[in-house]
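Remember, it's a predicted structure, so these values are computed and weren't measured experimentally. Ligands are counted one by one from 1 in listed order, and the atoms in each one are counted from 1 as well.
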Amino acid sequence: MSFQVFGLPVSRGVAIGRAVLVASSRIDVAHYFIDAGRVDAEVGRLRAARDAVAGELSLLKRDLPVEAPAELSALLDVHLMLLHDDSLTGATKQWIVDRHYNAEWALSAQLEVLARQFDEMEDDYLRERKADLEQVVERLLRALARGPEAVLVPVATAGARDFAGEDPLVLVANDIAPADMLQFKGSVFTGFVTDVGGRTSHTAIVARSMDIPAVVGAREASRIIRQDDWLIIDGDNGIVIVDPSPIVLEEYRFRQRQSGLERERLSRLRHTPAVTLDGERVELLANIELPADAKAALEAGAVGVGLFRSEFLFMNREGNLPDEEEQFEAYRAAVEAMQGLPVTIRTVDIGADKPLERMSVHELRHEHALNPALGLRAIRWSLSEPAMFRQQLRAILRASAYGKVRLLIPMIAHVSEVRLTLDALARAKQQLDEAGRPYVDVEVGAMIEVPAAALMLPVFLRYFDFVSIGTNDLIQYTLAIDRADESVAHLYDPWHPAVLSLIGGTIAQARQLGKSVSVCGEMAGDPAFTEILLGMGLRSFSMHPAQITSIKQRVLRADTRKCGQQLEAVLRPDDGFVVAPGRQMPPDSQTDLPAATSML
Ligand code: PEP
Ligand code: MG
């Protein structure tokens with residue numbers, strides 16, 4: 001039966017494929033693909049585990065004390081029967097053969113299928129046998145853990161070669177950490193669905209950077225979607241269609257083809273300069289997570305990197321952090337790949353939904369800090385680890401000898417933080433001087449992503465050469481909405497007048513004081529905001545490479561003189577709220593602009 005699941009659209013396009021559930025709600029096991037040549041060996045592991053469990057159960061039965069209740073012996077018989085039933089071990093073997101799942105994943109996938117069948121049984125006695133099934137599977141998993149290890153390819157890095165099926169795959173999970181998401185780049189999956197997450201959560205940002213259709217915040221998706229279900233992911237509208245009818249499937253295949261053609265058409269703009277109809281030049285830069293992304297940035301026609309999120313070098317590591325040499329090599333690789341174009345490297349922004357260790361947002365929230373987004377994050381964390389911070393600064397400075405580097409500091413809110421940061425930079429330079437290492441005096445910029453910084457901009461601008469507005473956090477902190485929490489996602493509103501006022505005010509004041517200003521949050525890559533931002537005076541946008549040509553098309557069609565008028569129209573208030581395109585405004589609402597917009 002076909003049904004739909006609704007979530008938040010975070011990465012455009014349509015993906016059609018079979019569901020791969022990586023996080024079973026029942027039993028948590030590792031998910032890996034096995035190499036094609038190892039399928040027989042993996043089936044052998046399963047068989048050995050089954051025989052071991054059969055031996056265990058038979059022994060238990062044999063050694064039952066005479067006074068034990070008869071039900072116990074009957075129960076062991078049930079377990080033995082389940083163990084040998086083809087619907088358990090036979091079907092599990094099929095997941096290994098057909099899909100190249102590791103035995104543990106295959107077992108949990110089959111448990112999921114059988115558990116649903118048990119849940120639907122009318123007979124109470126039979127329904128309760130599900131618990132027995134789970135016990136048998138747990139025994140099998142334990143036996144597998146004791147036996148020889150498989151030769152595995154982590155699911156995140158698996159390519160088409162590791163997967164035996166013909167059908168494309170889409171990943172369904174309760175949650176995917178940003179660092180794990182990053183590993184899915186170039187993997188076998190053509191789309192993603194998660195139960196949790198907001199539009200600008202870092203998991204969503206990474207999905208967008210991969211240009212793969214994704215829906216997050218789909219609440220119950222991983223519970224109600226079954227392993228192997230056919231899915232359509234409509235990344236433009238935040239809809240997941242489960243088990244679609246042939247007509248719906250055909251309609252979406254048509255849309256898929258159309259959007260492919262549209263992308264191809266847009267890609268012809270790659271090397272066209274971004275100039276508005278009235279002759280204003282606009283700088284379109286790329287956001288990258290790893291040095292390897294620089295290639296996509298160049299291919300998309302970016303004129304530089306406006307944001308290199310260096311924290312992705314620090315995540316997903318087994319305990320150790322990248323040392324100065326490793327970081328230097330990574331920064332140098334990005335700088336050299338950009339062939340003389342500027343690369344803005346942001347110092348590490350660890351914390352909130354980007355934990356250092358492999359940890360879900362949920363774990364982070366519940367085990368470490370009550371409000372991680374308000375906690376030891378970004379520059380706060382760097383200043384609390386002075387040696388680590390200087391090490392990163394040295395590595396970035398050293399990369400400046402190989403191309404044009406700019407240094408960007410995240411989440412500045414206090415002048416004291418600015419002073420400590422500049423002291424650390426001076427010390428790092430002194431250390432490089434002493435060691436005789438070459439570097440260039442790089443420009444230093446601040447991310448404006450805390451309202452305090454936007455409101456005190458002239459003070460901050462005394463210390464910095466440029467600013468970059470991080471709208472993702474600026475919205476989060478202005479509206480007190482956790483950007484990664486789907487339960488308040490409807491209140492995460494980039495059109496809120498307070499938000500637009502802070503952005504407009506920052507752009508206007510930076511320009512007035514002769515400092516360059518850019519936007520590197522998700523708003524920069526959203527065509528709905530291009531004219532508004534141009535109307536505010538913005539001439540530098542930084543976004544995922546995949547979004548550059550769409551934004552360029554908007555720029556080429558824009559007339560900045562008209563954008564100013566458009567901005568005023570958009571800011572006309574309706575009970576104090578912005579009338580965004582698509583929002584209804586009552587005909588008699590002609591009140592003045594709220595005070596918050598006066599900064600514009
Ligand atoms: C932002 O906050 O807008 C930003 C670009 O930084 P990040 O998304 O990495 O927090
Ligand atoms: Mg930010």
Side-chain angles (χ1 to χ4, degrees), residues 10-11 177-179 181-182 197-210 216 284-290 293 297 305-315 343-356 361 364 372-382 406-413 417 445-454 466-485 489 492-494 496 499-500 502-503 506-507 517-526 529 533 538 540-545 547 551:
V10 293
S11 187
M181 188 61 126
L182 198 67
R199 214 179 289 259
T200 60
S201 61
H202 284 93
T203 301
I205 287 176
V206 177
R208 213 154 24 241
S209 82
M210 292 156 65
V216 304
L284 300 183
L285 303 160
N287 291 354
I288 65 170
E289 276 87 39
L290 292 173
D293 301 338
V305 169
L307 172 65
F308 178 171
R309 289 184 163 98
S310 70
E311 56 274 13
F312 282 88
L313 300 174
F314 289 65
M315 290 150 71
V343 177
T344 310
I345 304 173
R346 180 174 73 181
T347 57
V348 64
D349 181 5
I350 273 302
D353 66 339
K354 286 180 288 193
L356 260 190
V361 176
L364 186 81
L374 302 180
L376 196 64
R377 208 203 129 172
I379 190 62
R380 302 171 182 180
W381 186 74
S382 294
R406 306 198 313 165
L407 179 68
L408 183 59
I409 312 296
M411 233 187 128
I412 285 278
E417 289 167 336
M447 297 255 332
I448 303 300
E449 43 190 358
V450 179
F466 68 97
V467 287
S468 188
I469 308 176
T471 51
N472 307 335
D473 278 317
L474 191 59
I475 298 168
Q476 150 163 281
Y477 295 126
T478 304
L479 301 180
I481 299 300
D482 182 343
R483 60 194 261 198
D485 185 346
Y492 185 93
D493 185 5
H496 194 292
V499 170
L500 292 177
L502 289 172
I503 296 170
T506 303
I507 295 169
V517 50
S518 179
V519 168
C520 63
E522 296 303 296
M523 271 170 99
D526 184 344
F529 291 97
L533 292 170
L538 189 75
S540 175
F541 296 63
S542 193
M543 68 208 79
H544 303 298
Q547 294 160 328
I551 299 300

Participant: Of all the non-hydrogen atoms in the protein, which one sits nearest to atom 6 (O) of ligand 1, and at what distance?
Facilitator: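 In this structure, atom 6 (O) of ligand 1 has R346 NH1, 2.9 Å as its nearest protein heavy atom.
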Participant: Yes or no on side-chain contact (heavy atoms from CB on, under 4.5 Å) for M411 and Y477, after CA distance, side-chain angles and deciding distance?
Facilitator: CA-CA 11 Å; M411 233 187 128; Y477 295 126; 3.5 Å; yes
Participant: For E311 and R346, run side-chain contact (heavy atoms from CB on, under 4.5 Å): C-alpha distance rounded to whole Å, both residues' side-chain angles, the deciding distance at 0.1 Å, then the answer.
Facilitator: CA-CA 8 Å; E311 56 274 13; R346 180 174 73 181; 2.6 Å; yes
Participant: Closer than 4.0 Å to some heavy atom of G470 - which atoms of ligand 1 meet that?
Facilitator: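 By the 4.0 Å cutoff, the relevant atoms are 1 (C), 2 (O), 3 (O).
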Participant: Mind checking whether I469 contacts ligand 1 via backbone (N, CA, C, O), side chain (CB onward), both or neither, at a 4.0 Å heavy-atom cut-off?
Facilitator: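 For I469, no heavy atom sits under 4.0 Å from ligand 1.
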Participant: State the atoms of ligand 1, each with its element, that fall below the 4.0 Å cut-off from a heavy-atom position in I205.
Facilitator: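 In order of numbering, the contacting atoms are 8 (O).
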Participant: Does a side-chain heavy-atom distance below 4.5 Å link F312 with V206?
Facilitator: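 Yes, at least one pair of side-chain atoms sits under 4.5 Å.
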Participant: Determine whether any heavy atom of M523 lies closer than 4.0 Å to an atom of ligand 1.
Facilitator: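 No heavy atom of M523 comes that close to ligand 1.
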Participant: Find all atoms of ligand 1 within a distance of less than 4.0 Å from any non-hydrogen atom belonging to R377, and give their numbers and elements.
Facilitator: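 Selected atoms, number and element: 10 (O).
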Participant: So is R483 touching ligand 1 or not, going by heavy atoms under 4.0 Å?
Facilitator: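 Yes, that is the case, since the closest heavy atom of the residue is under 4.0 Å from the ligand.
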Participant: Of all the non-hydrogen atoms in the protein, which one sits nearest to atom 7 (P) of ligand 1, and at what distance?
Facilitator: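 Going atom by atom, the protein heavy atom closest to atom 7 (P) of ligand 1 ends up being H202 NE2, 3.2 Å.
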Participant: Heavy-atom distance to atom 3 (O) of ligand 1: which of D349, L408, N472 wins?
Facilitator: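 The option holding the nearest heavy atom is N472.
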Participant: What verdict does the side-chain contact (heavy atoms from CB on, under 4.5 Å) test give for D473 and R377, after you've listed the backbone C-alpha separation in whole Å, the side-chain angles of each residue and the deciding distance to 0.1 Å?
Facilitator: CA-CA 12 Å; D473 278 317; R377 208 203 129 172; 3.0 Å; yes
Participant: Does the side chain of D493 come within less than 4.5 Å of V499's, by heavy atoms?
Facilitator: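 They are not in contact (no side-chain heavy atoms under 4.5 Å apart), so the answer is no.
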Participant: Do the side chains of I475 and M523 get nearer than 4.5 Å, heavy atoms only?
Facilitator: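 Heavy-atom side-chain distance check passes, below 4.5 Å.
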Participant: With the Mg ion (ligand 2) as the reference point, give the N/O/S atom of E449 that is nearest.
Facilitator: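 Result: OE1.
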Participant: When you measure from the heavy atoms of E522 to every atom of ligand 1, does any distance fall below 4.0 Å?
Facilitator: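 Contact check E522 vs ligand 1: negative.
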Participant: With respect to E311, determine whether any N or O atom, backbone or side chain, lies less than 3.5 Å from an N or O atom of ligand 1.
Facilitator: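 There is no such contact.
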Participant: With the side chain counted from C-beta on, respond yes when I503 and L533 share a heavy-atom pair under 4.5 Å apart, and no when they do not.
Facilitator: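 Side chain of I503 against side chain of L533, heavy atoms only: contact under 4.5 Å found.
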Participant: Identify, by atom number and element, the atoms of ligand 1 in contact range of M447, meaning under 4.0 Å from any of its heavy atoms.
Facilitator: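 So the atoms of ligand 1 that pass are 4 (C), 5 (C), 6 (O).
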Participant: Applying side-chain contact (heavy atoms from CB on, under 4.5 Å) to N287 and C520, what does each step give before you reach the verdict?
Facilitator: CA-CA 7 Å; N287 291 354; C520 63; 4.1 Å; yes
Participant: If you consider just the N/O/S atoms, which atom of D473 is the closest one to the Mg ion (ligand 2)?
Facilitator: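 Result: OD2.
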Participant: In terms of atom number and element, which parts of ligand 1 are under 4.0 angstrom from non-hydrogen atoms of C520?
Facilitator: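 Checking each atom against C520, I get 5 (C).
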Participant: Would you call R199-D526 a salt bridge at under 4.0 Å N-O?
Facilitator: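 No salt bridge links R199 with D526.
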Participant: Any idea which atoms of ligand 1 are less than 4.0 Å away from a heavy-atom of D473?
Facilitator: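 Going through ligand 1 atom by atom, the ones under 4.0 Å from D473 are 1 (C), 2 (O), 3 (O), 10 (O).
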Participant: Which of the atoms of ligand 1 are close to R309, meaning less than 4.0 Å from one of its heavy atoms?
Facilitator: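 Checking each atom against R309, I get 4 (C), 5 (C), 6 (O), 7 (P), 8 (O), 9 (O).
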Participant: I need the atoms of ligand 1 closer than 4.0 Å to a non-hydrogen atom of L307, numbered in the order shown.
Facilitator: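 Going through ligand 1 atom by atom, the ones under 4.0 Å from L307 are 5 (C).
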Participant: Taking the basic N atoms (NZ, or NE/NH1/NH2) and the acidic carboxylate oxygens, is any pair closer than 4.0 Å for D349 and R309?
Facilitator: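 Salt bridge between D349 and R309, a charged N being under 4.0 Å from a carboxylate O: no.
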Participant: Between M210 and H544, is any pair of side-chain heavy atoms under 4.5 Å apart?
Facilitator: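 Not in contact.
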